[in-house]
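For reference, the structure is listed below as structure tokens.
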Amino acid sequence: MKRDTRINALLLLVVAALAVLPLALGLGEGREEPFAGADAQAETAITEIAPDYEPWFTPLYEPPSGEVESALFALQAALGAGVLAYYFGLRRGRRQAARQAAAGAAEARTGTAEAEARPVTDAGHAAGAVPAAGAEAADGDAPGAGGTGGRGERSAAGE
């Protein structure tokens, strides 16, 4: 098993434990609403501490029922999860593309190094590294002409 797979499996186990342990240990027992949200718990605490407290603003939109409020909360969570998944997927795709580009560049360098190490002889023509007609005279890359390289180098570089 790869290291990343083990880490992912461990993280999934931790998430599952965080979801199941409060239920299994009965942490919400004895309360009116055992797993109420933080907003509801804060409202309860405020009304206990300061019964005359008046909120200094009201929400712009008040959902008509608790079900609609829960549905909007779930929609918000789903949108957030989608944005995060898109971001991490994009990062992974870019990383993979960069890795492939680096591998391609290394492969091209290796091919160029092999071409530089190979002596330029007439045997190169026989191996299929023949330049286009007139290219030899036009760029001065004839063997022994003092050009930038031999035919083998040009064919390995993809020219």
Side-chain angles (χ1 to χ4, degrees), residues 1-120 124 127-132 141 148-159:
M1 186 184 292
K2 291 174 56 178
R3 182 174 180 258
D4 291 341
T5 305
R6 280 186 281 165
I7 290 173
N8 288 339
L10 182 65
L11 289 174
L12 284 174
L13 276 173
V14 168
V15 168
L18 287 174
V20 171
L21 280 179
L23 296 172
L25 297 176
L27 296 178
E29 292 178 5
R31 295 184 182 168
E32 186 175 321
E33 293 182 41
F35 297 104
D39 292 345
Q41 290 181 0
E43 186 178 335
T44 303
I46 289 172
T47 52
E48 287 176 5
I49 294 170
D52 299 332
Y53 177 76
E54 295 266 339
W56 53 277
F57 76 97
T58 57
L60 296 175
Y61 173 71
E62 191 86 26
S65 68
E67 290 83 15
V68 173
E69 186 176 349
S70 295
L72 290 174
F73 186 76
L75 178 66
Q76 177 186 1
L79 287 174
V83 168
L84 284 176
Y86 175 78
Y87 171 73
F88 286 117
L90 185 68
R91 276 191 54 181
R92 181 180 176 154
R94 285 183 178 170
R95 220 176 321 141
Q96 285 177 344
R99 217 177 293 143
Q100 287 175 353
E107 187 174 303
R109 276 194 306 262
T110 303
T112 303
E114 289 175 3
E116 287 175 357
R118 186 175 355 146
V120 178
V130 179
D141 273 346
T148 56
R151 290 183 186 98
E153 178 181 344
R154 300 187 131 258
S155 65
E159 292 182 5

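Given the structure is predicted, the values throughout are model-derived calculations rather than measurements.
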- Message: Just verifying a value: how many Å separate Leu84 CG and Leu79 CG, rounded to the nearest 0.5 Å?
- Response: 11.0 Å
- Message: Does Glu69 have more than 12 heavy atoms from other residues, nucleotides or ligands lying within 6.0 Å of its CD?
- Response: no
- Task: Would you give the length of the straight line joining atom OG1 of Thr5 to atom CG of Leu10, rounded to the nearest 0.5 angstrom?
- Result: 12.5 Å
- Message: Surrounding OH of Tyr87 (heavy atoms of other residues, nucleotides or ligands, distance under 6.0 Å), is the total greater than 12?
- Response: no
- Within a reach of under 6.0 Å around OH of Tyr53, are more than 12 heavy atoms found that belong to other residues, nucleotides or ligands? yes
- Got a second to check how far Thr47's OG1 is from Asp52's CG, nearest 0.5 Å? 11.5 Å
- Query: Got a second to check how far Arg3's CZ is from Asn8's CG, nearest 0.5 Å?
  - Reply: 11.0 Å
- Message: Show the nearest heavy-atom pair for residues Pro22 and Ala17, with the distance to one decimal.
- Response: CD-O, 4.1 Å
- Euclidean distance, Gln100 CD relative to Glu107 CD, rounded to 0.5 Å: 11.5 Å
